[in-house]
Undergrad: 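Just passing along the structure, written as structure tokens.
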Number of protein chains: 2
Amino acid sequence: MKMVFNNKRSFMKSEFEQGHHWCRHRVKGCGFRMTIGREAVLDVLSRTEDHLSAEDIYMLVHETYPAIGLTSVYRTLDMLVNIGLVYKFDFGDGRARFELAEGPKGKDHHHHLVCTGCGRIVNYRDFIDEEVALLKKTEEGLSKKYNFAITNHLIQFYGLCEGCRKK
Amino acid sequence: MKMVFNNKRSFMKSEFEQGHHWCRHRVKGCGFRMTIGREAVLDVLSRTEDHLSAEDIYMLVHETYPAIGLTSVYRTLDMLVNIGLVYKFDFGDGRARFELAEGPKGKDHHHHLVCTGCGRIVNYRDFIDEEVALLKKTEEGLSKKYNFAITNHLIQFYGLCEGCRKK
DNA sequence: CTTGTTATTGAAAACCATTTTCATGTGCAA
DNA sequence: TTGCACATGAAAATGGTTTTCAATAACAAG
């Protein structure tokens with residue numbers, strides 16, 4: 001899986017040309033240039049179900065594209081969050097975590113269950129439909145009453161997983 | 001409203017002895033000493049509907065009890081969060097915000113509507129009952145399926161308030 | 001009311017995720 | 001191919017929060 005590239009161009013062509021067309025178009029459509037670093041960050045995000053921190057992403061991208069700098073990872077993530085391609089979460093451990101807004105197989109709306117003991121995060125899709133239905137209704141009511149244009153919501157459950165409960 | 005005290009003891013007796021019995025008992029019941037600083041932090045939290053940052057609290061406590069240090073405010077808040085007397089929130093502006101778990105007039109369960117433009121936060125109680133009912137159901141399902149002991153949940157809506165939308 | 005133990009405190013320094021600066025490099029439209 | 005605005009990496013700065021450590025104070029026991 002790990003590969004070494006002689007130069008940046010060979011890296012770019014080899015594996016990324018295939019996927020993430022929509023992402024790339026979105027980035028360019030928003031007036032940003034599609035660079036190797038940005039492509040690599042998107043690629044890392046698209047290959048995982050985990051909730052990676054900026055440094056996690058930096059280290060993963062670094063494996064195949066060592067020229068990347070942590071600063072650029074932060075800047076790229078910031079841009080991707082701004083154009084809505086990536087979600088940024090705070091699970092209470094002092095570092096932001098990131099997730100592709102649209103999963104590899106299309107829409108993949110889920111919410112999070114966080115273990116306050118070990119930090120483990122479960123993506124759950126159960127009850128999502130009911131939750132989203134209620135959220136939509138709530139959203140409409142709140143929009144009207146408080147005159148907000150609601151763009152997003154966040155639902156998380158906190159608790160202790162089995163392992164952490166035994167301590 | 002602003003008062004100056006000659007010494008710490010007079011400060012303590014003058015206004016706090018009356019309120020927050022439950023808080024104080026809880027703190028002591030958990031094996032912690034009830035100090036003037038802790039009392040003052042609880043007092044500030046109990047007098048507001050706002051979502052104060054540690055520094056906000058420090059400055060407010062400082063008005064009547066200048067001997068307090070920012071460090072102690074952080075330590076007190078951490079302790080209060082740990083024993084469940086205070087909730088800690090992240091609204092995405094890089095600083096934690098705190099809120100008494102039980103409002104001045106008893107239970108006051110609400111969720112938050114956050115303006116991503118100016119950071120304004122609305123405490124809404126509308127739809128809370130329906131939300132809580134669904135949350136409870138979801139909670140049970142998740143507990144069973146993922147073997148979590150769920151202790152808490154978080155719901156927030158993000159959007160732009162009227163003022164911020166005009167820009 | 002004293003006293004002794006031990007938790008708590010304030011100040012300063014350390015920490016650490018994130019942001020900014022700035023000179024260099026590069027995507028891409030022309 | 002070329003030019004230039006945007007993007008980048010390294011290093012330094014930022015800023016909220018935590019740690020360190022010696023001094024202080026809460027409070028249980030006497």
Side-chain angles (χ1 to χ4, degrees), chain A residues 7-13 16-17 24-25 27-42 51-59 61-62 65-83 86 88-98 119, chain B residues 7-13 16-17 24-25 27-42 51-59 61-62 65-83 86 88-98 119:
Chain A
N7 60 55
K8 294 168 178 179
R9 188 138 311 269
S10 70
F11 171 81
M12 189 173 96
K13 294 285 183 192
F16 300 130
E17 207 75 359
R24 309 175 63 196
H25 288 150
V27 169
K28 301 193 86 170
C30 289
F32 296 102
R33 294 176 179 171
M34 181 47 66
T35 67
I36 302 157
R38 288 170 178 176
E39 193 102 42
V41 167
L42 279 169
H51 306 81
L52 304 175
S53 68
E55 189 151 10
D56 293 337
I57 295 167
Y58 166 70
M59 289 190 300
V61 169
H62 196 268
Y65 180 45
I68 195 134
L70 179 55
T71 311
S72 284
V73 172
Y74 274 108
R75 277 187 289 228
T76 296
L77 289 169
D78 194 50
M79 182 265 287
L80 294 173
V81 168
N82 279 329
I83 66 177
V86 165
K88 180 178 185 176
F89 291 99
D90 170 78
F91 295 124
D93 66 342
R95 63 189 60 198
R97 306 213 164 245
F98 302 87
Chain B
N7 60 55
K8 294 168 177 178
R9 189 138 308 270
S10 70
F11 171 79
M12 190 172 96
K13 294 285 183 191
F16 299 132
E17 206 75 359
R24 307 175 64 196
H25 289 150
V27 170
K28 300 193 86 170
C30 290
F32 296 103
R33 294 177 181 172
M34 181 48 64
T35 66
I36 301 157
R38 286 171 179 175
E39 193 103 41
V41 167
L42 278 170
H51 306 81
L52 304 175
S53 67
E55 190 151 9
D56 292 336
I57 294 167
Y58 166 69
M59 289 190 299
V61 169
H62 196 268
Y65 180 45
I68 195 133
L70 179 56
T71 313
S72 285
V73 172
Y74 274 108
R75 276 187 291 225
T76 296
L77 290 169
D78 195 50
M79 183 265 286
L80 293 172
V81 169
N82 279 329
I83 67 178
V86 165
K88 180 178 186 176
F89 292 100
D90 171 79
F91 294 124
D93 66 342
R95 62 188 61 198
R97 306 214 163 245
F98 302 87

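Letters go in sequence order (proteins before strands), and every chain restarts at 1. Being a predicted model, the structure only gives us computed values, none of them experimental.
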Undergrad: Taking CZ from B/F32 and C1' from D/dA25, how many angstroms apart are they, rounded to a whole number?
TA: 17 Å
Undergrad: Nearest whole Å is fine: how far is D/dA7 C1' from A/I36 CD1?
TA: 11 Å
Undergrad: Between C1' on C/dT18 and CE on A/M79, what's the gap in Å once rounded to a whole number?
TA: 17 Å
Undergrad: Looking at side-chain heavy atoms only, is the closest gap between B/M34 and B/E39 below 4.5 Å?
TA: yes
Undergrad: To the nearest Å, give me how far apart CZ (B/R97) and P (D/dG16) are.
TA: 10 Å
Undergrad: Can you tell which of D/dG9, C/dA17, C/dT9 lies closest to the side chain of A/T71?
TA: D/dG9
Undergrad: Could you tell me whether B/R38 contacts a base, only the sugar-phosphate backbone, or nothing, with contacts defined as non-hydrogen atoms closer than 4.0 Å?
TA: sugar-phosphate
Undergrad: Looking only at the side chain of B/T35 (C-beta and beyond, no hydrogens), which of the listed nucleotides C/dC22, C/dT8, D/dA7 gets closest?
TA: C/dT8
Undergrad: Can you say whether the rings of A/F91 and A/F89 are parallel (under 30°), tilted (30 to 60°) or perpendicular (over 60°)?
TA: parallel
Undergrad: Check whether any side-chain N or O of A/R95 sits under 3.5 Å from a backbone N or O of A/S53 as a donor-acceptor pair, and report yes or no.
TA: no
Undergrad: Any idea which of D/dT8, C/dT9, D/dC27 is nearest the B/R75 side chain?
TA: C/dT9
Undergrad: Tell me whether the side-chain N or O atoms of B/R33 pair up with the base of C/dT6 as donor and acceptor below 3.5 Å, since no angle test is needed here.
TA: yes
Undergrad: Does the A/N82 side chain pair with the main chain of A/M79, one donor and one acceptor, at a distance under 3.5 Å?
TA: no
Undergrad: Using only atom types and a distance under 3.5 Å, with no angle test, would you say the side chain of A/T76 pairs donor to acceptor with the backbone of A/S72?
TA: yes
Undergrad: Between P on C/dT18 and CG on B/D90, what's the gap in Å once rounded to a whole number?
TA: 11 Å
Undergrad: Taking atom P of D/dT18 as reference, at what distance in whole Å does atom CD of B/E55 sit?
TA: 14 Å
Undergrad: Can you tell me the distance, in whole Å, between the CE atom of A/M59 and the P atom of C/dA17?
TA: 11 Å
Undergrad: Using OP1 and OP2 only, check whether a side-chain N or O of A/K28 sits under 4.0 Å from C/dG27.
TA: no
Undergrad: Roughly, in whole Å, what's the span from OH in B/Y58 to P in D/dG15?
TA: 17 Å
Undergrad: Tell me which nucleotide among D/dT17, D/dT8, C/dA7 gets nearest to the side chain of B/R95.
TA: D/dT17
Undergrad: With respect to the side chain of B/L70, which nucleotide from D/dC27, D/dA7, D/dT17 is positioned closest?
TA: D/dT17
Undergrad: Is A/Y74 near enough to C/dT19 that one of its side-chain N or O atoms lies under 4.0 angstrom from OP1 or OP2?
TA: no
